[in-house]
Structure formats: C-alpha cells, structure tokens
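For reference, the structure is listed below as structure tokens.
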There are 2 protein chains.
Amino acid sequence: MSDESWFSSKLREIDRDECLNLLRTETVGRIAFTDDSGPDLVPVNYAMDGDDIVITTTGYGALARAGTNGRVAFEVDQLDHFTASGWSVVVRGRAARQSPLAPPDRRPHPWADGSRTYVLRICPELVSGRRLIPA
Amino acid sequence: MSDESWFSSKLREIDRDECLNLLRTETVGRIAFTDDSGPDLVPVNYAMDGDDIVITTTGYGALARAGTNGRVAFEVDQLDHFTASGWSVVVRGRAARQSPLAPPDRRPHPWADGSRTYVLRICPELVSGRRLIPA
C-alpha cells in the first residue's frame, strides 16, 4: 500500500486495464523528468496510441532535452474538492522520440498555439492508479 | 520561453509573488521525486507555511524514503477544459523532514483517513508559473 498520497483507508487500487481506460478519458496530464537540477514537472496535452502516451513538444525545450531516452513519470487525475474524492493514475516508463508524427487521430491537440513537431512517446512499464471513495 | 508545456503564443509568465499567492488558493498538488527507477509522481494535499510547502505523509512510504533530503518538483494547476485555458505553478527545491509537526493552521488536511505524521517541507528555490489566456 502506498500511503504517501491523498489516499488511505478509503483507498481502492485501480487495475492496469482501468487505469489505461481512465487515461483515454482525459487530455491533460503532468510529466516528470529529471535534469541536472533534479526532477522537473510540466503539464502537457497528450493522446493515447494503444497503451502508449503521446506528447508533442518542441525539439529545443527542457522536456525534449531531458526527457528523450530518459525515464519519466506521467500523472493524470480527476479531483472533486467538494467531496474530497477522486482518482489518479501514474505511469512510469521510458520516453523516446517518435518520428514521424503519429496519425492525426492519435496525436495530442495542444491547447496553445505554436509548433510542436517533436513527438515523445511513453511506453508504460509501471501503471498504478488509486481511487478515493467519498466517506 | 518554455515551449514544452501547453502554453505557447498566448502564454503569460506568472511572477514569483503571484505564483506563491496562487499556491495559497489550492490544497492539492503533485510532487515529483526520484528513486532508483527514475522520477515518480504522487498527488498530495499540502499547506503553505510562509513560502514553504508543507506535506504530511507516512515515514515508511516511497515519498518519505526518496523525497527526504532529495530534490523535488511540486506542481499545482487549475485547468478549464471548456476554454482550454488555465494556469500552472511549478516549484523546484529540496525537501527536508520537519520535526515537530507544524501548527494546525499551517498543516495540510489530507482528504483520506490514516496517520500522516511525517512532515516534508519544500523550500522553494525555483518558482515558475504560466497562464494560458483563452483565445
């Protein structure tokens, strides 16, 4: 049991299949990667391609520089502040550059303008999820 | 300019003071830390004590083990999926164990039951924030 999160006695573990299904319901997550100053963390739009997570970024940013061929963690959650409940899914794995771009239906749709032609693909190794049931 | 996130042409950087004020408006964030398998990421309840971020966890969990005296990144965001806009704040710094507990008004209130007497305090070194203005 992982006690470090906001889940404890009302914790339900979410199995891998349901975790991957939950990932398919959202479009924004957060990716953690490591550079010389330790872990860093950025919110990103994403798309699922099979069980892989696909992110587009720029080739000269911190994420491409530190994330490519590096280990990453990726998190998505849905929180209900009113009932203090929700779920979170965390994927750990390696990010690799994908070339060429994924087909449009398997490509993220960034909320912001700007060119994002550098594609990172995360192949999930560890997939874990937790649901906090309202009391 | 950081292009790796969901912000680009409509990006506004948020200054440090406003970042810290935004952190005071929320109670759930995500902390990234590094263990032997690379970065990991968990959602946590938090409280602010001055400019420090205070998190309570258990002493035998992954966060306490890998986060204590380690470098961490901490992220909070507010997203509006309808307008594809929002803000995010990322803090990078070192996490240290705090003993004894912070006073109740400067202590996080975990959503879940369970004992969380291990207090991690993050002293912000790098504070950055971005706001995506709706088009």
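From a predicted model like this one, the values you see are computed outputs, not experimental measurements.
Connection of A:Val90 to A:Leu23 is not established within any shared hydrophobic cluster, with ILVMFWY side chains joined at heavy-atom distances below 4.5 Å, either directly or through further cluster members. Under a hydrophobic clustering in which Ile, Leu, Val, Met, Phe, Trp and Tyr are joined whenever their side-chain heavy atoms come within less than 4.5 Å, directly or via other members, B:Leu120 and B:Val76 fall into the same cluster.
For chain B, the nearby parts of A:Arg30 are the backbone and the side chain; heavy atoms of each come within less than 4.5 Å. Proximity to chain B (any heavy atom under 4.5 Å) is shown, for A:Ser37, by both the backbone and the side chain.
Contacts with chain B were tallied for A:Leu126, A:Asp80, A:Val91, A:Thr27; A:Asp80 has the most, counting heavy-atom pairs under 4.5 Å.
The only option from B:Thr34, B:Asp40, B:Ile31, B:Leu41 that meets the side-chain contact (heavy atoms from CB on, under 4.5 Å) definition with A:Pro39 turns out to be B:Thr34.
Looking only at side-chain heavy atoms (C-beta outward), A:Arg92 and B:Asp35 come within less than 4.5 Å of each other.
With sequence neighbours excluded, the residues forming a side-chain contact (heavy atoms from CB on, under 4.5 Å) with A:Glu18 are A:Ile14, A:Asp15, A:Leu22, A:Arg131, listed by chain and number.
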